[in-house]
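Working notes, structure below.
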Amino acid sequence: QKEVEQDPGPLSVPEGAIVSLNCTYSNSAFQYFMWYRQYSRKGPELLMYTYSSGNKEDGRFTAQVDKSSKYISLFIRDSQPSDSATYLCAMSPWGGYQKVTFGTGTKLQVIP
Amino acid sequence: GAGVSQTPSNKVTEKGKYVELRCDPISGHTALYWYRQSLGQGPEFLIYFQGTGAADDSGLPNDRFFAVRPEGSVSTLKIQRTERGDSAMYLCASSRRTVDTEAFFGQGTRLTVV
């Protein structure tokens with residue numbers, strides 16, 4: 001079993017929809033949680049960075065962490081075609097990027 | 001440059017050959033990371049530098065892989081006797097400090113071993 005599980009999709013939604021992306025994990029030592037967006041043939045780009053449980057909002061994006069269930073989510077409101085990309089969850093026991101564990105990514109397509 | 005620069009962007013090599021992949025981090029960033037991303041997978045950690053020294057190389061798959069950062073800036077990932085299974089996107093990232101909440105990734109080098 002992988003430490004981080006993420007549904008690979010693809011997920012296809014109409015423009016303006018609310019998108020929910022999720023990851024589960026098994027390592028209870030993870031305390032730092034990240035969501036990355038990766039366009040085709042590009043490097044990952046950080047969207048959200050959270051510590052421990054709770055919610056964090058940034059514009060149209062909301063990240064949720066439930067450590068008791070080992071479950072994290074990213075919500076995208078009013079989705080746009082430009083949101084079409086692969087979304088990677090990532091997590092680490094420590095702050096920083098040494099030995100971050102990534103999910104496999106969910107491919108999202110927002111249809112105009 | 002403004003971001004992390006990786007060269008070449010694409011590399012095709014024959015099985016058994018030696019390759020070098022270069023990463024030029026953001027100026028002033030002391031921490032540098034190499035990750036490998038296979039098709040349809042998330043990035044996997046390879047090695048992390050703090051300054052000139054490799055602080056953690058536990059992700060390197062075997063002794064064919066080696067990385068250096070002699071002056072604490074540019075880093076080179078070296079792969080000897082390449083195998084078809086080495087084909088992947090090799091990503092480099094940098095952050096100002098190890099504990100920073102954001103690391104910036106380059107566009108990657110897509111390595112294909114034929």
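All chains are named by letter (A, B, ...) in the order of the sequence lines, taking the proteins before the strands, and each is independently numbered beginning at 1.
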Pairs of heavy atoms under 4.5 Å with chain B: top-ranked of A:Thr101, A:Leu88, A:Val100: A:Val100

task: Let me know if A:Tyr36 has heavy atoms under 4.5 Å from chain B in its side chain, its backbone, both or neither.
output: side chain

message: Quick check: is B:Ile47 connected to B:Phe66 through a chain of hydrophobic side chains (ILVMFWY, heavy atoms under 4.5 Å apart)?
response: no

task: Kindly work out whether a path of hydrophobic side-chain contacts (I/L/V/M/F/W/Y, heavy atoms less than 4.5 Å apart) joins A:Phe30 to A:Leu74.
output: yes

query: chain B heavy atoms under 4.5 Å from A:Pro44: which part of the residue, side chain, backbone, both or neither?
result: both

Chain A contact via B:Arg97 - side chain, backbone, both or neither, heavy atoms under 4.5 Å: neither

task: Drop me the distance from A:Phe102's CZ to B:Tyr35's OH, to the nearest 0.5 angstrom.
output: 5.5 Å

Gap separating the CD atom of B:Gln37 from the OG1 atom of A:Thr86, nearest 0.5 angstrom: 8.5 Å

message: I need the B:Met89 CE to A:Gln38 CD distance, nearest 0.5 Å.
response: 7.0 Å

query: Taking atom CD of B:Gln41 as the centre, does the number of heavy atoms from other residues, nucleotides or ligands within less than 6.0 Å exceed 12?
result: yes

message: Can you confirm whether B:Arg64 is buried at CZ, in the sense that more than 12 heavy atoms of other residues, nucleotides or ligands lie under 6.0 Å from that atom?
response: yes

- request: Examine whether an atom of B:Ser38 lies under 4.5 Å from a heavy atom of chain A, and if so say whether it belongs to the side chain, the backbone or both; otherwise answer neither.
  value: neither

query: In terms of hydrophobic clusters joined by side-chain contacts under 4.5 Å, are A:Val4 and A:Tyr49 together?
result: no

- prompt: Quick one: of B:Gly106, B:Gly108, B:Ala103, who has the most non-hydrogen atom pairs under 4.5 Å with chain A?
  reply: B:Ala103

field: Greater than 12 external heavy atoms within 6.0 Å of A:Phe61's CZ
entry: yes

- request: Taking atom NZ of A:Lys67 as the centre, report whether more than 12 heavy atoms of other residues, nucleotides or ligands fall under 6.0 Å from it.
  value: yes

